[in-house]
Amino acid sequence: MKLVTAVIKPHRLDEVRAALEAFGVSGMTITEASGYGRQKGHTEVYRGAEYEVDLVPKVRLEIVVDDSDVDDIVDVVAKSAHTGKIGDGKVWVVPVETVVRVRTGETGQEAL
Amino acid sequence: MKLVTAVIKPHRLDEVRAALEAFGVSGMTITEASGYGRQKGHTEVYRGAEYEVDLVPKVRLEIVVDDSDVDDIVDVVAKSAHTGKIGDGKVWVVPVETVVRVRTGETGQEAL
Amino acid sequence: MKLVTAVIKPHRLDEVRAALEAFGVSGMTITEASGYGRQKGHTEVYRGAEYEVDLVPKVRLEIVVDDSDVDDIVDVVAKSAHTGKIGDGKVWVVPVETVVRVRTGETGQEAL
Amino acid sequence: MPELSAGDTAWVLASAALVLLMTPGLALFYGGMVRAKGVLNMLMMNFAAIGIVSILWVLYGYSLAFSTDIGGGLLGGLGDFGLRGLLGEESLSSTIPSTVFVGFQGMFAIITVALISGAIADRAKFSAWVLFAAVWATLVYFPVAHWVFFFDDGNGGWIGDRLGAIDFAGGTAVHINAGAAGLALALVLGRRVGWRKEPMRPHNLPLVLLGAGLLWFGWFGFNAGSAVAANGLAGVAFVNTQVATAAALLAWILVERIRDGKPTTLGAASGAVAGLVAITPACSSVTPIGAIIVGVVAGVLCALAVGLKTKFGYDDSLDVVGVHLVGGLAGSLIIGFIASAAAPAGVDGLFYGGGFSQLGKQLVASLAVLVYSFVVTFLIGKIIDKVIGFRISEDDEASGIDLAEHAETAYDFSTIGGGSRPHTITRAPSADSEKLDASANSSSAPADEKEGSVAR
Amino acid sequence: MPELSAGDTAWVLASAALVLLMTPGLALFYGGMVRAKGVLNMLMMNFAAIGIVSILWVLYGYSLAFSTDIGGGLLGGLGDFGLRGLLGEESLSSTIPSTVFVGFQGMFAIITVALISGAIADRAKFSAWVLFAAVWATLVYFPVAHWVFFFDDGNGGWIGDRLGAIDFAGGTAVHINAGAAGLALALVLGRRVGWRKEPMRPHNLPLVLLGAGLLWFGWFGFNAGSAVAANGLAGVAFVNTQVATAAALLAWILVERIRDGKPTTLGAASGAVAGLVAITPACSSVTPIGAIIVGVVAGVLCALAVGLKTKFGYDDSLDVVGVHLVGGLAGSLIIGFIASAAAPAGVDGLFYGGGFSQLGKQLVASLAVLVYSFVVTFLIGKIIDKVIGFRISEDDEASGIDLAEHAETAYDFSTIGGGSRPHTITRAPSADSEKLDASANSSSAPADEKEGSVAR
Amino acid sequence: MPELSAGDTAWVLASAALVLLMTPGLALFYGGMVRAKGVLNMLMMNFAAIGIVSILWVLYGYSLAFSTDIGGGLLGGLGDFGLRGLLGEESLSSTIPSTVFVGFQGMFAIITVALISGAIADRAKFSAWVLFAAVWATLVYFPVAHWVFFFDDGNGGWIGDRLGAIDFAGGTAVHINAGAAGLALALVLGRRVGWRKEPMRPHNLPLVLLGAGLLWFGWFGFNAGSAVAANGLAGVAFVNTQVATAAALLAWILVERIRDGKPTTLGAASGAVAGLVAITPACSSVTPIGAIIVGVVAGVLCALAVGLKTKFGYDDSLDVVGVHLVGGLAGSLIIGFIASAAAPAGVDGLFYGGGFSQLGKQLVASLAVLVYSFVVTFLIGKIIDKVIGFRISEDDEASGIDLAEHAETAYDFSTIGGGSRPHTITRAPSADSEKLDASANSSSAPADEKEGSVAR
Ligand SMILES: Nc1ncnc2c1ncn2[C@@H]1O[C@H](COP(=O)(O)OP(=O)(O)O)[C@@H](O)[C@H]1O
Ligand SMILES: Nc1ncnc2c1ncn2[C@@H]1O[C@H](COP(=O)(O)OP(=O)(O)O)[C@@H](O)[C@H]1O
Ligand SMILES: Nc1ncnc2c1ncn2[C@@H]1O[C@H](COP(=O)(O)OP(=O)(O)O)[C@@H](O)[C@H]1O
């Protein structure tokens, strides 16, 4: 089992989710995040004082997947999140040793 | 060392925390998350337009634990988060190579 | 590749980011989190009813780094986040198998 | 024969608008105090109360309350049904046009009903509430308003005009009345799921303070407007209202400072409302120094009284009992003690040598309204509960009444904008589906399918 | 010769303040309905409208609308430019000082312009909006106000004074006018990026309800204030306003209950506004029972009408058409049917045996304003779009108009306080940099560098 | 002998209510500007000011300000202590009941104190603030109000009645006064931790705009109400207030557009307030065109002046100096230049051929108030700081003053509802624990233990 974590642009979430669903992924966990990287933030002005906000809103997906699917899924995410502009985000993969579905106590592949 | 990540229903947080404390876990990190899975979201209506919100609020726990405790802790979390209804969530375990307590610089088991 | 996750006090974020930038880290992903640990929360009072809020606001950083940098970066984070008071937080390291930059499809070190 | 006074009319028109504003103010005051998942239902209960009661008022409510008494000072007749006879320029109530008086008094009916909603936050079926509001206004408020507010040279309501109890702007008719009803309804509905186990702290305190500010502002219409003239009586009512409210605010946060260690904003807002409640019946009959005493007493009593529910185990969620029943009683009874003939009402209370007479009247008036309101409300509540059910399901309560009853959530500050897919409905209202079923809807509206569905 | 009435003056002064409050109320009502990334721009469009229109009104707007007609009831002259001649105590409009009337009527001009902004949420260049507001007020509102509101013994405006159409407080001049303009501008600007694909649900419903509450409160000044006196007419207008609004609120949520399964808070707020709009022209000419009918009709019609945009594909973002154009038409035309001579206007409509005459006048007045406003607005919009561009870029729209046009974000509840670095500017305004360039700024202000930069 | 005018009374009653609303409005205006962790304290400082000052006003404040002068135009006597002599119908102030005048003027005292709080956001001990408010009102506001507002045929206050400086509604007594006090207090307390290093941007701009809207609305009571009659003077004050505010709003955002590239909502709100401040003294003495000039000057000057604090290094957190001191000075002095005899005050300024005389008076009045207020405030602040300490600890400031001083947090939109455990207290208030100690509390209330504790 692997954990695929993807940090993407918020407005790509629907595309990515749809693409994953089409591929057969049935679940994922999503958190709001802020990204810091090459992509510039923005400037806000309050009573003549400028604030450079260098964090950019991002969405972070976690998907636990079967070993055999991991490459495809990374591919699906990377493609569907792609806009070609700076700040499109990253995908990384980490090994998972156990997965449990809380409702049933199932583990491993059945837990996904 | 292992990192146990659990995605659970928000209203189970108190139970889970209490169970973990009873077991002897002294710390954890919690983030708000949205889940996508078998559990249906809900429908909202604004001026006759329906919005199907298919993300469900979840709470995400991270607990770094000693190798020897990991099975018990996964068990404790899974049991205390259990309601038996769809959407109870997942628990997964990932290997950890280093842990540091920022305050003291301690590493490994002492850092927990 | 490794994933360094750090849970720190919110008001140290600027220091940590500056230190990481100075070290040469060019990107990271940040989420708001709540910590549960030795550090006590606070008490709120509403119409004579006291509420003990035992979650403390934290910031959670994720930085994917090259294997060779991991020790230095853990060190940089731990030092710059340090205040010496309870609740300074934790840093942990997890192995990463793949990283992809969504914009370009680059993988591995180039994706950072 | 009194003539029209444009000045008096101007003030009562302004006052009527001010009293209307109190109900949205109350909605925000209450709405900020519930959890984020119940704020919309709280707002809806209040806005629906405005809707229902306004219409009943114009149809028959005003008539039941203010038409010629049908006997014993218990109820008015139906002579002014629909207000048709009051529309001419020559139709006056004292020095103001009848319709202006109708408008002003109608706002009192609205807010009294709205006040009750705070006792049953987060768990009442919206349809049951709407039904309750209509029945309660009819069976409880309209008669009680007649008792207290209808004056007709000794042939008016039994409490105000015949007994001679002093209730200048509604300590009995509005606050004791709503407070007793709130208690009854809290008992009928029972406690919220998780009460005293889960934290149920206010989700938006600036909203609470905004609501308190609007209430305070509007209350000048309520109290000083009850002079139904722009004169010295209105001036005294105005100043007394201000200073009693100020005193109660300070008294409440002082209690908190001593008892809990910290003065809170929720306490300041609650104290202000407690002071406004208590000075309501008394603002014409005490001096400004007396008003300070009223405020201090109300602030301290109510700050302590909000703890009663924990002692007795009823979930009066937003303290309608602790603030309105207790505050209303305090204000009504204290008149018997500290009323001063120096004030416009010209009555001396016990402490000014007036004896026990006024105090007795105040006691009778207060208890009569309390008991009548409690008993009738309890019966109405029980019957509604039996017939259509007054409470939502536990699951709906847990996931939030806003979603369950209104299919809405209050806030979306999120950057995850993409978490939902719109399905716009353009069906004619004849196709009435009782259930929300998005898939059925979109398939029944194929023309919309392409545009409305997500472009995957 | 009428004399000054302090009572009438008091009521119109209060009313003028109430009508001013409606525009901030509207700003919040609209602001709560857009997404969190556009709320500031919505607020700004409304506050800027107050700014622009107030100044034009004092300079020449009042004069164009209310000075002696220059011919045919089409426009006033420039005799009152700058108001200089109206400042003396002896200068009266009927029984109130001229300046009070100027102030009162000026608020109508402001809110009419502000209403239009709801049609073009989230996508209009702020500079273009400011220009539009100035031109539209001049070419559309000031003349139409003259047509409808200027009475001069048959030598006044062609709609109100000459034709004899009834528009008590602005069903045509304000609501049909703004609604038609909103439609035209929505067509000029086109749809928001992602319309009907992305969810665009209200980001803050308590703000919407607060706005609705303030609008309701202020509307008493709008309608009852339009009596320009504190008398029985004002009283009837007041009561009718209240009851029609209540009826429309209930009617709208009943439609929702039947059609969608749930009554919503957005529906309650929208229904209330629809009722306020529809009763605006009619509040002097119907009985309270008639007002209930006006409310029910408006509530049902507007609840259905907000679906039109999905059918026809124009993005009238916050339903200026569905609520103000449709509601304004409903209220203006229904007078022809249910006006009753029992009401102060003294006119019987078709159903009361008054024949088709009044209905015909109402129809002519409504259509005239609708067509004039739509055509002229469309032209103004197109020209502005050609010359300076009316829309922001797609990228700016996606990341949010608040940032793009105002360099601000509405909310920061975050604990990640450290996510930004301040660069304070203390340059003289002469150093006008058109571009926001933080690094350039701080390097050009070396004295600040040390203090202003982050201590790393 | 003047008689009671119901019309005048109606307007001043409404105005008094409007001015009361300004302080909650100010609380929201200020509250939205601080960080989310300090909004409650800001609201509390303002509501507490209402509480304290209202009571002092009734006790002796009104008397010190408006009773017969005790010599030199410096202070009133204590003859009206407790207001007892003013309660009869026959007690008038000009044409209105004395109590109405008391109520109206009391609201001015409240808001002047409240204004100061903006200078010391996020760092003042609440107890110290409460003490300060009481002392400052007594030593500074009540005397200065006497100087400026008390007229008695040349035996009144030295600034208004004797010197003949024009301050129609409080440019000196309210705004210069509060602004100078704000500066002094900001110096006494010192800068916030992290000032100019950490971003301290407004946490809730819609709240700021709501506050600005309520202020604008209430200000009509402040300015037009200061005519203390419903007449032409009130009308001119009304129109001038509207147009100056509009002009200042536009001027401020124009400065921003030129200097920073973008017009902001915070700028629009600030500009509106700056305009309201500047027209306050001048609204009776300039023409509407003059009022536009006042607005433009104030908008530009204040937009530049808010940068002064960065230059000089004092942390006047929410720009009480930049807006109220500078705006108050601008408005007071400009009268000397552009007052026009065409306006009700009947005085020509320098530019209208009136010479330097009026300008001299304006200068003396402004400087006298500025210096007196600054010096006395500084002393009061220093003494309080010495005796009980004026500032909270650095740690408390970092984690947020709301928690430290009020044991509350403003918002909880979270779905993590389970993050806290309630411990309900039902102790008698005698058991006063100064420290918040939850465990001690629950163990001392064993009866509650079972219900109140979390079911683990
Ligand atoms: N080393 C990293 N570890 C974790 N997240 C990163 C890292 N580098 C970048 N990110 C995330 O990826 C996002 C996009 O990175 P950025 O450098 O802006 O653009 P790009 O990946 O297109 O070059 C960042 O906003 C951040 O959330
Ligand atoms: N493959 C997955 N990877 C990560 N999180 C998942 C995955 N599948 C489900 N989840 C999380 O678990 C939650 C519960 O899953 P769901 O399918 O709704 O119910 P159940 O686990 O009871 O079958 C989801 O809301 C989501 O947060
Ligand atoms: N076992 C753990 N797993 C994950 N996060 C932890 C763990 N223990 C502590 N933390 C995180 O570290 C933070 C600091 O821990 P705490 O015990 O309060 O202080 P300290 O680390 O200084 O002893 C906690 O708030 C929590 O977010």
Side-chain angles (χ1 to χ4, degrees), chain E residues 4-7 9-10 13-14 16-17 20-21 24 27-28 31 39-40 43-44 47-48 50-52 54-55 58 82-84 87-89 91 97 99-100 102-103 106 126 207 405-408 410-413 417-418 420-422 424-427 429 432-436 451-452 454-455, chain F residues 5-8 10-11 14 18 35-36 196-199 201-206 209-210 213 216-217 220-221 224 229-236 238-239 242-243 246-247 249-250 255 258-266 268-269 272 287-289 292 304 307 310-311 342-344 411 413:
Chain E
L4 179 95
S5 158
T9 303
L13 280 167
L20 179 274
L21 184 64
L28 299 168
V39 52
L40 297 181
L43 295 169
M44 270 300 257
F47 275 80
I50 307 181
I52 299 286
S54 298
I55 290 179
V58 160
L83 310 180
R84 211 184 155 88
L87 305 180
E89 279 290 338
S91 175
T99 46
V100 174
V102 170
F126 182 65
L207 213 59
E405 288 294 285
H406 309 295
E408 295 177 304
Y411 305 102
D412 182 1
F413 301 123
S420 55
R421 290 167 288 176
T424 310
I425 304 167
T426 49
R427 287 169 297 145
D432 50 33
S433 73
E434 283 289 318
K435 278 260 160 190
L436 283 169
E451 268 197 273
V454 179
Chain F
S5 158
D8 293 347
W11 174 233
L18 285 168
R35 289 161 294 173
R196 304 207 54 210
K197 299 230 176 65
E198 283 169 32
R201 57 175 181 170
H203 86 284
N204 192 337
L205 280 166
L209 276 274
L210 164 62
W216 195 329
F217 173 58
F220 289 118
N231 57 14
L233 171 56
V236 173
F238 192 104
V239 168
Q242 177 67 11
V243 77
L249 185 164
L250 296 178
V255 169
I258 293 169
R259 183 186 59 189
D260 314 324
K262 305 282 177 185
T264 70
T265 49
L266 184 61
T287 64
I289 304 286
I292 294 178
L304 300 178
T310 3
K311 212 156 220 151
Y411 305 101
F413 301 122

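Numbers restart at 1 for each chain; the letters A, B, ... are given by sequence-line order, proteins then strands.
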Any side-chain heavy atom of [X] within less than 4.5 Å of one from [Y]?
X         : Y         : value
Phe126(E) : Pro263(F) : yes
Phe413(E) : Asn204(F) : yes
Thr99(E)  : Pro288(F) : no

If you look at every heavy atom in [X] and [Y], which pair is closest and at what distance?
X         : Y         : result
Leu266(F) : Glu408(E) : N-OE2, 3.2 Å
Phe220(F) : Ala17(E)  : CD1-CB, 3.9 Å
Glu405(E) : Lys262(F) : O-CD, 3.6 Å
Leu207(E) : Pro206(F) : CD2-CB, 4.1 Å

Between [options], which has the largest tally of heavy atom pairs under 4.5 Å with chain E?
options                                    : result
Leu210(F), Asp8(F), Asn231(F)              : Asn231(F)
Ile289(F), Leu209(F), Ile292(F), Leu18(F)  : Leu209(F)
Gly213(F), Ala268(F), Gly7(F), Gly221(F)   : Gly7(F)
Ala343(F), Ala272(F), Gly235(F), Ala234(F) : Gly235(F)

Can you tell which part of [X] gets under 4.5 Å to a heavy atom of chain E, answering side chain, backbone, both or neither?
X         : value
Ser5(F)   : side chain
Val239(F) : side chain
Ala6(F)   : neither
Leu249(F) : side chain

Residue part contacting chain F, namely of [X], when any heavy atom lies under 4.5 Å:
X        : result
Phe47(E) : both
Leu28(E) : side chain
Leu40(E) : both
Ile50(E) : both
Ala27(E) : neither
Leu13(E) : both
Ile52(E) : both

Subject >> Interface residue of largest heavy-atom contact number with chain F, from Ile55(E), Leu4(E), Val58(E), Val100(E), under 4.5 Å >> reply: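 That would be Ile55(E).
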
Original post:
Is there a donor-acceptor contact under 3.5 Å from the side chain of Glu89(E) to the main chain of Leu233(F)?
Top reply: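 Yes: the side chain of Glu89(E) pairs with the backbone of Leu233(F).
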
